[in-house]
Amino acid sequence: MLSLKFIQDNPEFVIERLAVKHFDARAMVGQVLALYQKRNESQLESDRCKAEMNQLSKEIGQLFKEGKSEEAALAKEKTVVLKERIRLFDEEFESIDAQLAQLQVQMPNLPSSLVPGGRTAEDNEVVVQGGVMPVLPEGYKPHWELAAQYDLIDFELGVKITGAGFPVYKGYGARLQRALINFFLDQAREAGYLEVQPPYVVNEASGFGTGQLPDKEGQMYHCPVDGLYLIPTAEVPVTNIFRDVIVDAKDLPIKTAAYSACFRREAGSYGKDVRGLNRLHQFDKVEIVRIAHPDKSYESLDEMVRYVTTLVEKLGLPYRILRLCGGDMSFTSALTYDFEVWSAGQGRWLEVSSVSNFESFQANRLKLRYRDEATKKPQIAHTLNGSALALPRIVASLLENYQTPEGIRVPDVLVPYMGCEIIR
RNA sequence: GGAGAGAUGGCAGAGUGGUCGAUUGCGGCGGUCUUGAAAACCGUUGUACUGUGAGGUACCGGGGGUUCGAAUCCCUCUCUCUCCGCCA
């Protein structure tokens, strides 16, 4: 979320930037400015009364010690009025503060100046296109047919056990999952990321910290008895490692990678989007998360984009990188690059990674700070994350792009992990 | 699931109604000494909000209460630990 101070100091800038996300913030900003001032006035009054109260209490204690109980009783009477005033000012403060928090949470992150102003996915800017389009054999198939033909994935079995969107991977299908996870984690480690294994279930505070709660509540599986949520991405538990933490500036950027299963309700999805592996309720992903110095976070973002590029290139998949437009980017992001790979059997691009700089938006919620080397004061850090990579669509693309009449070829980098060069 | 114990500053660990934002130790930072380091000694060392500033206020797991005054007493919630049971 944006800090109140920032909104107060830059109201017009906030309104102008949020317009790029097609969010009209004028009324909200106006309310924030008015409430912020009122809140501070209440605090000032309350603090004054409390100071007086503290002083009085000390005096009363002193009087008792000296045995002047009559004077003490007199002083006690004065506290009654003060107490009531404190109560009123505090109530007012609490009420205004809650309203402010409400407004704050509703305001999206400001898009960076690089963000194009479009409205829909059509308006995203293709910044890089790479790889070579495969030449498919006669009678090529989409991945769900290939998965059935080679007995790699059983979608119906998943329906029996759980429901649609929870496939069962079998044989080389299961092994391919494991191969990709290991490949991605090994690559991340070599690139300097610390591997962690986070919980797959998080509490409410964590959901709030990364911005899933309160507004995206419906997208997560929820265990109300325990007040816990299944993670939609490892971003949530991993970024929350740093909630309420003050890190040393010299440790920045902090680079963390984690594999996790991800759970998404995906309410409202339908049609070709959910066919096969295109959109699942449970899927595997390796996520990279970085904590960066505010002056260096865009350098970090570029590094992450370059890193993800190496992954799709090593897998030999045709890809493109999109810079998301204001209308298509997420609530929490300041700048997002999406990676798409070509799904030759379906003839469409599939999103396999989203790399974002959240600047201070998450860090404000998380109270994630670094200690400034010069001033020694805690400052809000920047957070970034990206998929590196999400498995199902990579699998879809691999199966389709590498299909041959003899079987599915295994990309060279995966051969050591798969123990074979072709899936028959 | 049953029984008990506990939650204090980066960590360890005091503190049972008043001058306690909190003794002390460790760690960190600065300094003296040293060719350098260690040791020793001295000093310093939380966060947030607010105020132009001096300063003020809040915070001892969360919330509520008693009191002129709460880290300290009461209620409640959450969490952690130990033992037993069950178990990957």
Side-chain angles (χ1 to χ4, degrees), chain A residues 1-9 32-104 197 199-209 213 222-229 237 240-252 254 261 291 360 363-381:
Chain A
M1 62 194 175
L2 306 176
S3 80
L4 295 175
K5 271 206 182 99
F6 183 82
I7 298 170
Q8 188 189 38
D9 293 345
V32 167
L33 295 184
L35 288 171
Y36 192 43
Q37 198 189 334
K38 269 181 72 184
R39 193 196 69 162
N40 290 351
E41 285 163 9
S42 307
Q43 182 182 355
L44 202 62
E45 284 304 318
S46 170
D47 282 359
R48 275 193 197 130
C49 292
K50 283 174 185 166
E52 206 178 316
M53 192 76 164
N54 288 342
Q55 184 55 39
L56 214 49
S57 290
K58 272 185 199 168
E59 287 171 16
I60 290 169
Q62 194 57 40
L63 288 171
F64 272 123
K65 223 175 239 175
E66 293 166 8
K68 301 174 180 169
S69 52
E70 278 169 39
E71 286 175 53
L74 212 64
K76 270 196 201 181
E77 282 175 33
K78 281 200 269 182
T79 66
V80 178
V81 184
L82 269 177
K83 250 186 168 176
E84 179 60 11
R85 280 170 59 93
I86 290 170
R87 197 181 61 80
L88 286 175
F89 286 125
D90 278 353
E91 259 176 28
E92 190 174 61
F93 178 92
E94 296 294 337
S95 140
I96 297 170
D97 198 52
Q99 291 175 59
L100 273 172
Q102 185 82 15
L103 286 169
Q104 230 180 333
Q197 266 199 23
Y200 292 178
V201 182
V202 294
N203 57 29
E204 204 171 302
S206 294
F208 178 83
L213 296 175
H222 184 199
C223 313
V225 248
D226 300 302
L228 299 174
Y229 296 82
N240 271 281
I241 291 172
F242 303 98
R243 171 152 49 88
D244 292 319
V245 167
I246 302 173
V247 300
D248 276 345
K250 65 175 161 48
D251 294 334
L252 300 176
I254 296 171
I291 314 300
S360 59
N364 263 320
R365 290 172 160 239
L366 294 158
K367 296 190 175 61
L368 161 52
R369 291 160 291 174
Y370 69 95
R371 198 172 291 281
D372 186 85
E373 275 169 325
T375 66
K376 303 285 180 202
K377 290 284 165 210
Q379 301 285 329
I380 295 291

Rounded to the nearest Å, what distance is computed from the [atom1] atom of residue [X] to the [atom2] atom of nucleotide [N]?
X	N	atom1	atom2	result
I96(A)	C49(B)	CD1	P	18 Å
E204(A)	C79(B)	CD	C1'	16 Å
D248(A)	G46(B)	CG	P	16 Å
Y370(A)	U47(B)	OH	P	15 Å
D244(A)	G61(B)	CG	P	15 Å
L4(A)	U50(B)	CG	C1'	13 Å
K376(A)	U47(B)	NZ	P	12 Å
D90(A)	C49(B)	CG	C1'	13 Å

N/O donor-acceptor pair under 3.5 Å between [X] side chain and [Y] backbone:
X	Y	value
T79(A)	A75(A)	no
N240(A)	R243(A)	no
R371(A)	I246(A)	no

For [N] and [M], measure between their [atom1] atoms and round to the nearest Å.
N	M	atom1	result
A7(B)	C60(B)	P	14 Å
A70(B)	C87(B)	C1'	44 Å
G46(B)	C11(B)	C1'	13 Å
U34(B)	C29(B)	P	22 Å
U72(B)	G21(B)	P	14 Å
G1(B)	U8(B)	C1'	32 Å
C74(B)	G17(B)	C1'	13 Å
G9(B)	A5(B)	C1'	23 Å

Step through the shown structure and confirm whether more than 12 heavy atoms of other residues, nucleotides or ligands are within 6.0 Å of [atom1] on [X].
X	atom1	value
R85(A)	CZ	no
E204(A)	CD	no
E84(A)	CD	yes

Open item on the list: At under 4.0 Å between heavy atoms, how does the protein contact nucleotides 62-75 of chain B? Give one character per nucleotide, 5' to 3', with B, S or -.
Closed with: ------BS------
- [ ] Give me the one residue out of L100(A), L103(A), N40(A) that meets side-chain contact (heavy atoms from CB on, under 4.5 Å) with L4(A).
- [x] L100(A)
Would you tabulate the pairs of protein nitrogen or oxygen atoms and nucleotide nitrogen or oxygen atoms of nucleotides 56-60 of chain B closer than 3.5 angstrom?
residue: G56(B); atom: N2; partner: D47(A); partner atom: OD2; Å: 3.1
residue: U57(B); atom: OP1; partner: N54(A); partner atom: ND2; Å: 3.2
residue: U57(B); atom: O2'; partner: D47(A); partner atom: OD1; Å: 3.0

TODO: Verify the contact: side-chain N or O of R371(A) to OP1 or OP2 of G28(B), cut-off strictly under 4.0 Å; return yes or no.
DONE: no
TODO: Would you please name every residue forming a salt bridge (charged side-chain N to carboxylate O under 4.0 Å, His left out) with E91(A), sequence neighbours left out?
DONE: R87(A)
- [ ] Return the set of residues passing salt bridge (charged side-chain N to carboxylate O under 4.0 Å, His left out) with E92(A) (not counting sequence neighbours), or none when no residue passes.
- [x] none
TODO: For I246(A) and for K5(A), find the nucleotide of RNA chain B with the closest heavy atom, then tell me which residue's nucleotide is more 5'.
DONE: I246(A)
Any salt bridge between [X] and [Y], counting N to O under 4.0 Å?
X	Y	value
R39(A)	D97(A)	yes
E45(A)	R48(A)	yes
R369(A)	D244(A)	no

Open item on the list: Applying a 4.0 Å non-hydrogen cut-off, can you work out what Y36(A) is touching in the nucleic acid: base, sugar-phosphate, or nothing?
Closed with: sugar-phosphate
Open item on the list: Under the salt bridge (Lys or Arg N to Asp or Glu O under 4.0 Å) definition, can you give me all pairs with a residue in residues 70-80 of chain A, not counting sequence neighbours?
Closed with: none
Open item on the list: In this structure, which stretches of RNA chain B are paired as stems of three or more consecutive Watson-Crick or G-U pairs, both distances less than 3.5 Å?
Closed with: B:1-7 with B:78-84, B:10-12 with B:24-26, B:27-32 with B:40-45, B:46-50 with B:55-59, B:61-65 with B:73-77
